[in-house]
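What follows is a single structure, written as C-alpha cells, with notes after it.
We use all heavy atoms of the structure for the numbers below, so side chains are in, but hydrogens, waters and symmetry mates are not.
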Amino acid sequence: LEVVDAKNTLDTTIHNCERSLEEHGSKVSQEIRDELLRAIQSANEKKRSDDLEAINAEVKALNEVVYKFSAAVQGAGSSQSQQPQGEQAQ
C-alpha cells in the first residue's frame with residue numbers, strides 16, 4: 001500500500017510539474033526548462049519501479065527542481081512587473 005501511495009504522489013507531482021512547465025515555461029531560461037524536463041522524464045521512469053525508497057527519492061528530487069523552476073518564474077514575473085515602472089519614470 002505504501003508503494004501505491006508513493007506512486008500516486010509521484011504521478012501527481014509529475015502532472016503538476018508538466019502543467020507548470022506548460023503554463024510558465026516561456027518565462028524561464030531553456031536551461032531551467034530542460035532541467036525540469038529531465039526530472040520529469042526520470043520520474044516517469046521511476047514510476048514503473050516498486051522500490052519505495054527510490055520513488056520517494058524521486059518525488060523529493062522532482063520537488064527540488066520544480067521549486068527552482070517556480071523561483072525562476074517568480075523572478076521573471078517580478079522583473080517584468082518592475083520594468084514598466086522604470087520605463088514610466090523616464
Side-chain angles (χ1 to χ4, degrees):
L1 186 59
E2 284 184 55
V3 172
V4 172
D5 288 341
K7 284 184 176 187
N8 287 339
T9 299
L10 183 58
D11 197 42
T12 299
T13 304
I14 291 168
H15 174 74
N16 291 338
C17 289
E18 289 172 336
R19 192 175 67 218
S20 292
L21 188 60
E22 186 178 306
E23 291 176 8
H24 304 292
S26 63
K27 298 176 185 175
V28 299
S29 70
Q30 184 66 44
E31 181 182 333
I32 293 173
R33 284 194 302 269
D34 288 346
E35 185 177 357
L36 184 55
L37 283 170
R38 284 191 301 272
I40 290 169
Q41 182 179 11
S42 176
N44 274 318
E45 291 169 9
K46 285 287 188 285
K47 201 167 55 168
R48 298 183 200 117
S49 170
D50 286 329
D51 182 346
L52 180 61
E53 287 184 24
I55 294 168
N56 286 333
E58 199 64 37
V59 169
K60 182 179 178 185
L62 190 53
N63 280 328
E64 288 172 3
V65 174
V66 81
Y67 177 79
K68 182 177 177 180
F69 175 85
S70 297
V73 168
Q74 294 219 344
S78 66
S79 67
Q80 286 176 355
S81 66
Q82 290 173 3
Q83 284 175 349
Q85 293 172 354
E87 290 171 10
Q88 289 172 359
Q90 294 174 352

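With values rounded to the nearest 0.5 angstrom, Ile40 atom CD1 is found 11.5 Å from Arg38 atom CZ. Here CG of Leu10 is found 12.5 Å from CG of Asp5. Values are rounded to the nearest 0.5 Å. One finds the CG atom of Asn16 at 12.5 Å from the CG atom of Leu21 (value rounded to the nearest 0.5 Å). One finds the OG atom of Ser29 at 8.5 Å from the CG atom of Asp34 (value rounded to the nearest 0.5 Å). Summarising the geometry, atom NZ belonging to Lys46 is positioned 11.5 Å from atom CD belonging to Gln41; distances are rounded to the nearest 0.5 Å.
Proximity of Asp50 to Lys7: side-chain heavy atoms (C-beta onward) are separated by under 4.5 Å at one or more points. Between Phe69 and His24, some side-chain heavy-atom pair lies under the 4.5 Å cut-off. A heavy-atom distance below 4.5 Å is not found between the side chains of Glu18 and Glu22.
The environment of Lys47 atom NZ is dense: over 12 non-hydrogen atoms of other residues, nucleotides or ligands sit within 6.0 angstrom. Other residues, nucleotides and ligands place no more than 12 heavy atoms under 6.0 Å from the CD atom of Glu53. Within 6.0 Å of CD in Glu45 there are more than 12 heavy atoms belonging to other residues, nucleotides or ligands.
Minimum heavy-atom separation, Ala43 to Leu62: CB-CD2, 3.9 Å. Smallest separation of non-hydrogen atoms from Ala72 and Ile32: CB-CD1, 3.5 Å. Annotation for Asn56 and Ala6: closest pair OD1-CB, 3.6 Å, computed over non-hydrogen atoms. Nearest heavy atoms, Ala39 versus Glu58: O-OE2, 3.9 Å.
Between the side chains of Arg33 and Gln30, at least one donor N or O sits under 3.5 Å from an acceptor N or O.
A distance-only check finds a donor-acceptor pair linking the side chain of Ser70 to the backbone of Val66 [under 3.5 Å].
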